[in-house]
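Here is the structure we will look at, set down as structure tokens.
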Amino acid sequence: MLYIKEHFMTITRHRHLVIKHCKKCGILWQGLRHDLSKYSPTEFWEGIHFYKPDKSPNVGARESNGYSRAWLHHQGRNKHHFEYWLDYNPVSRKKEPVRMPVRYVVEMFCDRIAASKIYFGKDYDDSKPLMYFYKGKGKIFMHPQTAALLERLLKKLEADGEDNAFLYVRKVIKPGAKKKGIW
């Protein structure tokens with residue numbers, strides 16, 4: 001069975017949550033462009049084929065094919081994914097993580113909250129995005145400063161709630177990223 005409507009509704013609900021969160025963090029324009037590639041044929045059709053209401057279709061694609069064509073497409077077009085920020089280091093002669101610009105770390109923060117809300121549903125609370133981060137910590141190839149900032153934001157969310165975390169991003173992180181040594 002093809003889950004066209006269900007997949008469309010899931011990615012659209014997710015996108016709208018990210019837009020709402022990005023607006024609260026002061027990056028509305030960025031939020032409006034968030035995840036538009038999910039509507040492209042490469043990502044959308046694989047999403048329909050492996051649709052599950054409680055987890056990413058990329059998981060099903062990997063289980064079936066050994067990789068997710070949609071994910072490979074997605075991470076290479078969306079700067080809020082740390083995987084986008086890998087580049088060749090001429091000194092080490094290896095692909096290495098690059099420190100992400102703050103605005104994309106903020107979008108990634110908003111994305112992780114929205115994804116947790118979609119996949120956890122009624123079981124969501126402000127600890128879930130941090131829990132998901134810790135589950136992958138040590139297994140991901142993220143620049144240490146990028147990981148530290150994301151972790152700080154997720155801890156702020158867990159400790160102080162969504163509204164205070166968004167206010168912290170808007171008032172402390174975003175305007176002071178370079179001037180105050182936050183970044």
**Message:** Looking only at the aromatic ring of each residue, does the gap between the centers of F82 and H143 stay below 6.0 angstrom?
**Reply:** no
**Asked** Given E162 and L157, is the side chain to side chain contact (heavy atoms under 4.5 Å, CB included) satisfied, shown in steps?
**Response** CA-CA 5 Å; E162 195 173 280; L157 171 72; 4.0 Å; yes
**Request:** Would you tell me whether D111 and H21 have side-chain atoms, one donor and one acceptor, within less than 3.5 Å of each other?
**Result:** no
**Asked** Does one side chain, of E6 or T10, offer a donor that lies under 3.5 Å from an acceptor on the other?
**Response** no
**Message:** Using every non-hydrogen atom in the two residues, find where I27 and R103 come nearest and quote the distance to one decimal.
**Reply:** CD1-O, 3.9 Å
**Request:** Considering non-hydrogen atoms only, spot the tightest contact between C22 and C110 and give its length.
**Result:** N-SG, 3.8 Å
**Item:** Side chain to side chain, C25 and R170, heavy atoms closer than 4.5 Å
**Value:** no
**Prompt:** Is there a donor-acceptor pair closer than 3.5 Å between any side-chain N or O of S64 and the backbone N or O of A61?
**Reply:** no
**Item:** M131 atom CE, over 12 foreign heavy atoms within 6.0 Å
**Value:** yes
**Asked** Going from CZ on R33 to CG on N78, what distance comes out if it is rounded to the nearest 0.5 angstrom?
**Response** 10.5 Å
**Item:** Same cluster (ILVMFWY, side-chain, under 4.5 Å), I173 and V18
**Value:** no
**Request:** With rounding to the nearest 0.5 Å, note down the distance linking NZ in K137 to CG in L150.
**Result:** 10.0 Å
**Message:** Could you measure the distance from the CG atom of L130 to the CZ atom of R112? Nearest 0.5 Å is fine.
**Reply:** 10.0 Å
**Prompt:** So how far is it from S68 OG to E63 CD, rounded to the nearest 0.5 Å?
**Reply:** 11.0 Å
**Fill in**
d(H7 NE2, W45 CH2) to nearest 0.5 Å is 10.0 Å
Side-chain donor-acceptor contacts of residues 118-125 below 3.5 Å, not counting sequence neighbours, with atom names and distances?
unit_1, atom_1, unit_2, atom_2, d
Y124, OH, D126, OD1, 3.1
D125, OD1, S127, N, 2.8
D125, OD1, S127, OG, 2.4

**Prompt:** Do I48 and V59 share a hydrophobic cluster (ILVMFWY, side-chain heavy atoms under 4.5 Å, transitive)?
**Reply:** no
**Worked check of side chain to side chain donor-acceptor pair (under 3.5 Å) between E46 and T42** = CA-CA 7 Å; E46 186 171 275; T42 301; over 6 Å; no
**Prompt:** Between Y39 and F44, what is the ring plane arrangement, given parallel below 30°, perpendicular above 60°, and tilted in between?
**Reply:** parallel
**Complete:** Sorted by chain and residue number, the side chain to side chain donor-acceptor pair (under 3.5 Å) partners of N65 (sequence neighbours excluded) come out as none
**Request:** Might you work through the side chain to side chain contact (heavy atoms under 4.5 Å, CB included) test for F166 and I113, ending with a clear yes or no?
**Result:** CA-CA 11 Å; F166 293 149; I113 296 168; 3.8 Å; yes
**Any side-chain donor near an acceptor of the partner, R69 and H73, under 3.5 Å** = no
**Prompt:** Should Y168 and L153 be marked as a side chain to side chain contact (heavy atoms under 4.5 Å, CB included) after you check the CA-CA gap, both sets of side-chain angles, and the distance that decides it?
**Reply:** CA-CA 9 Å; Y168 177 74; L153 296 176; 4.0 Å; yes
**Request:** Can you see which heavy atom on H14 is nearest to which on A114, and at what distance?
**Result:** ND1-CB, 3.6 Å
**Asked** Is it the case that one hydrophobic cluster holds both M100 and Y84, taking links as side-chain heavy atoms less than 4.5 Å apart, direct or via other members?
**Response** yes
**Item:** Any N89 side-chain heavy atom under 4.5 Å of R93 side chain
**Value:** no
**ILVMFWY network linking F133 to W85, side-chain heavy atoms under 4.5 angstrom** = yes
**Message:** Would you say the ring centers of H81 and W71 fall short of 6.0 Å from each other?
**Reply:** yes
**Prompt:** What are the two closest heavy atoms between I19 and G31, and how far apart are they?
**Reply:** CG1-O, 3.0 Å
**Asked** Do you reckon M108 sits in the same ILVMFWY cluster as V98, going by side-chain contacts under 4.5 Å, direct or chained?
**Response** yes
**Request:** Would you name the heavy atoms of I11 and K38 that are closest together and state the gap between them?
**Result:** CD1-O, 3.8 Å
**Message:** Measuring from atom NE2 of H34 to atom CD of Q30, what distance do you get when rounded to the nearest 0.5 angstrom?
**Reply:** 10.0 Å
**Request:** Please check if any side-chain donor atom of H74 sits under 3.5 Å from a side-chain acceptor atom of N58, or the reverse.
**Result:** no
**Prompt:** Could K156 and E151 be called an ion pair, given the rule that one side-chain N must be under 4.0 Å from one carboxylate O?
**Reply:** no
